[in-house]
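Below you'll find the structure, written out as structure tokens, and then a few comments.
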Amino acid sequence: MGFLKKTAFSACWIWFVTGAVMAAPVTNQAADDSLSAQVAELDRLFSKIYACGADYRWNASDSFQLKAKFILEKYAGKEFPFEKVRNLNYFKGEDHVFRMLNWGVPEADGRVSYKALLQVRRTTKNDYLLYEMNDMSLYQPYPEKLSCSPDSWWGAFYYECIEKKAGGRTYYTFLGWNSGQELYQQSVIEVMSIKPDGKVQFGASLFSNRGRIAGSDRIDKSRKDSEIKRVVFRFGKKTGMILRYDYQAYMHKNEKGKEKAKKANMIVFDRLVPRQTAMADDYAYYVPEGGVYQAYVFDNGKWRLQDNVIARNPDPKKRKNNP
């Protein structure tokens with residue numbers, strides 16, 4: 001009798017374990033299907049922004065944003081494959097410190113207005129805040145000295161994020177593009193920081209120029225480094241400029257005063273010049289000088305401006321191995 005009871009128990013236990021193992025993939029598959037369906041819906045809504053006519057793009061953007069907000073709140077602190085939404089700019093910090101969805105809405109006049117959803121974690125309460133950010137750059141034509149909140153965001157289309165630590169804080173440096181004012185376009189180096197209570201600031205005094213002007217051969221000693229919150233490059237509508245994070249080299253004087261090539265990760269960019277000297281005050285006529293580059297190298301808590309950059313073809317593998 002005892003043997004029979006033991007056998008019956010073993011049989012039930014085997015059925016329970018195997019049944020559970022067999023059922024698990026079904027549950028996981030259902031979850032995968034749910035994620036796939038939500039990604040597909042986001043992708044469909046996002047594609048409409050660029051597929052529809054100019055009169056309907058803002059409505060399409062609002063529909064995508066509404067769905068994206070719902071998913072960000074539902075998956076707060078959890079992984080969600082936003083990177084699978086085609087052409088959407090998606091950035092995230094480690095341990096869910098932040099997630100940012102960033103996109104542009106083309107206007108009928110050729111300009112682009114920018115949008116972003118920024119979700120941040122409040123370490124003080126271990127919960128999440130969600131900011132809806134609208135492009136205010138049209139009302140801030142000279143933002144170099146501005147510290148901005150999410151409500152006054154100098155909008156841009158970001159394509160790279162660089163994480164650095166300075167003074168016990170973490171800073172996220174974004175590289176981006178802005179369609180600009182009527183006659184010129186802009187590229188930007190923007191710094192974002194997040195306080196423990198979830199408050200976000202765009203702009204930080206991390207740039208060391210020592211009187212030089214990034215993207216130019218000019219000197220202006222009246223420009224104090226402490227006043228520079230972000231770097232903005234302005235150039236003509238019909239041209240383009242290099243602005244990327246890369247592993248390159250620059251000429252550096254050693255202790256003996258001799259110049260030597262020093263390799264490092266850096267934000268590399270063209271030096272811009274007017275087509276003619278008489279056009280020096282008109283950004284619409286600024287173009288890359290051609291083969292002349294500058295860079296910001298992060299050193300001792302600062303982005304330090306360097307001249308005489310030797311820019312070669314980018315090597316992502318080297319950059320990855322040399323943070």
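Values below: all heavy atoms of this structure, side chains included; hydrogens, waters and symmetry mates excluded.
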Whether the side chain of [X] engages the backbone of [Y] through a donor-acceptor N/O pair (distance < 3.5 Å, no angle test) should be reported.
| X | Y | value |
| --- | --- | --- |
| Arg122 | Gly198 | no |
| Lys237 | Gly180 | no |
| Arg169 | Ala166 | no |
| Asp282 | Ala284 | yes |
| Ser63 | Asn59 | yes |
| Arg210 | Lys221 | no |
| Asn102 | Tyr158 | yes |
| Asp225 | Asn209 | yes |
| Ser179 | Val112 | yes |
| Glu94 | His96 | no |

Going from [atom1] on [X] to [atom2] on [Y], what distance comes out if it is rounded to the nearest 0.5 angstrom?
| X | Y | atom1 | atom2 | answer |
| --- | --- | --- | --- | --- |
| Phe174 | Glu190 | CZ | CD | 8.5 Å |
| Lys67 | Leu45 | NZ | CG | 8.0 Å |
| Cys52 | Trp58 | SG | CH2 | 12.0 Å |
| Lys69 | Leu101 | NZ | CG | 12.0 Å |
| Tyr131 | Met100 | OH | CE | 12.0 Å |
| Lys164 | Tyr171 | NZ | OH | 14.5 Å |

Measure across [X] and [Y] and return the closest heavy-atom pair with its distance rounded to 0.1 Å.
| X | Y | value |
| --- | --- | --- |
| Val232 | Gln186 | CG1-OE1, 3.9 Å |
| Gly240 | Pro288 | O-CG, 3.0 Å |
| Met266 | Ala295 | SD-CB, 3.6 Å |
| Ser205 | Ser226 | OG-O, 2.8 Å |
| Gln201 | Ser147 | NE2-OG, 4.0 Å |
| Tyr128 | Ala76 | CD1-CB, 3.8 Å |

Inset, instruction - Can you run down the side-chain hydrogen bond (donor to acceptor under 3.5 Å, both in side chains) pairs that involve residues 38-55, sequence neighbours left out, and say none if there aren't any? - result: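 Sorted result for residues 38-55: Ser34-Gln38, Gln38-Tyr75, Glu41-Arg44, Asp43-Arg86.
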Joint cluster assignment, [X] & [Y], ILVMFWY side-chain distance < 4.5 Å:
| X | Y | answer |
| --- | --- | --- |
| Met133 | Trp154 | no |
| Val188 | Leu118 | no |
| Phe233 | Tyr184 | yes |
| Ile71 | Phe91 | no |

Inset, instruction - Tell me, with the steps shown, if Arg99 and Glu79 meet salt bridge (charged side-chain N to carboxylate O under 4.0 Å, His left out). - result: CA-CA 10 Å; Arg99 288 193 286 197; Glu79 292 295 330; 5.6 Å; no
Legend entry - Residues Thr173, Tyr245; criterion side-chain contact (heavy atoms from CB on, under 4.5 Å); working and verdict: CA-CA 10 Å; Thr173 300; Tyr245 190 55; over 6 Å; no
Legend entry - Leu117 vs Glu132, side-chain contact (heavy atoms from CB on, under 4.5 Å): CA-CA, chis, key distance, verdict: CA-CA 5 Å; Leu117 289 173; Glu132 299 177 40; 3.7 Å; yes
Taking the side chain as every heavy atom from C-beta outward, state whether [X] and [Y] have any atom pair closer than 4.5 Å.
| X | Y | result |
| --- | --- | --- |
| Lys229 | Phe202 | no |
| Trp303 | Ile267 | yes |
| Leu243 | Tyr159 | yes |
| Thr170 | Val97 | no |
| Leu35 | Pro81 | yes |
| Tyr142 | Arg234 | yes |
| Arg230 | Leu146 | yes |
| Ser149 | Val200 | no |

Cationic N near anionic O, under 4.0 Å, [X] to [Y]:
| X | Y | answer |
| --- | --- | --- |
| Asp307 | Arg212 | yes |
| Asp197 | Lys195 | no |
| Arg244 | Asp246 | yes |
| Glu182 | Arg111 | no |

Taking only distance into account, with no hydrogens and no angle test, what donor-acceptor pairs under 3.5 Å do side-chain atoms of residues 270-279 form with protein atoms, sequence neighbours excluded?
from, atom 1, to, atom 2, distance (Å)
Asp270, OD2, Ile242, N, 2.5
Arg271, NE, Glu289, OE1, 2.8
Arg271, NH2, Glu289, OE1, 3.1
Arg271, NH2, Glu289, OE2, 3.3

Inset, instruction - Dump the intermediate steps for side-chain contact (heavy atoms from CB on, under 4.5 Å) on Tyr114 and Trp153, then the final yes or no. - result: CA-CA 10 Å; Tyr114 304 97; Trp153 177 55; 3.9 Å; yes
Below 6.0 angstrom between ring centroids: does that apply to [X] and [Y]?
| X | Y | result |
| --- | --- | --- |
| Phe269 | Tyr296 | yes |
| Phe157 | Trp177 | no |
| Phe64 | Trp103 | yes |
| Tyr172 | Phe98 | yes |

Inset, instruction - Apply ring-ring contact (aromatic ring centres under 6.0 Å, His included) to Phe82 and list each qualifying residue two or more places apart in sequence or on a separate chain. - result: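 Expected list: Phe80, Tyr90.
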Legend entry - Lys263 versus Gln248, side-chain donor and acceptor atoms under 3.5 Å: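 The criterion, which ignores hydrogens and geometry beyond distance, is not satisfied for Lys263 and Gln248.
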Inset, instruction - Examine the side chains of Asp135 and Ser113 and answer whether a donor and an acceptor come within less than 3.5 Å of each other. - result: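 Per modelled atom types, Asp135 and Ser113 side chains form no pair under 3.5 Å.
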Inset, instruction - Please step through side-chain contact (heavy atoms from CB on, under 4.5 Å) for the pair Phe207 and Glu144, ending with a clear verdict. - result: CA-CA 11 Å; Phe207 300 96; Glu144 282 84 348; over 6 Å; no
Inset, instruction - Walk me through it: do Gln306 and Gln294 pass the test side chain to side chain donor-acceptor pair (under 3.5 Å)? - result: CA-CA 6 Å; Gln306 303 291 343; Gln294 292 176 313; over 6 Å; no
Inset, instruction - For the pair Tyr286 and Tyr283, name the ring-plane relationship: parallel under 30°, tilted 30 to 60°, perpendicular over 60°. - result: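 Tilted.
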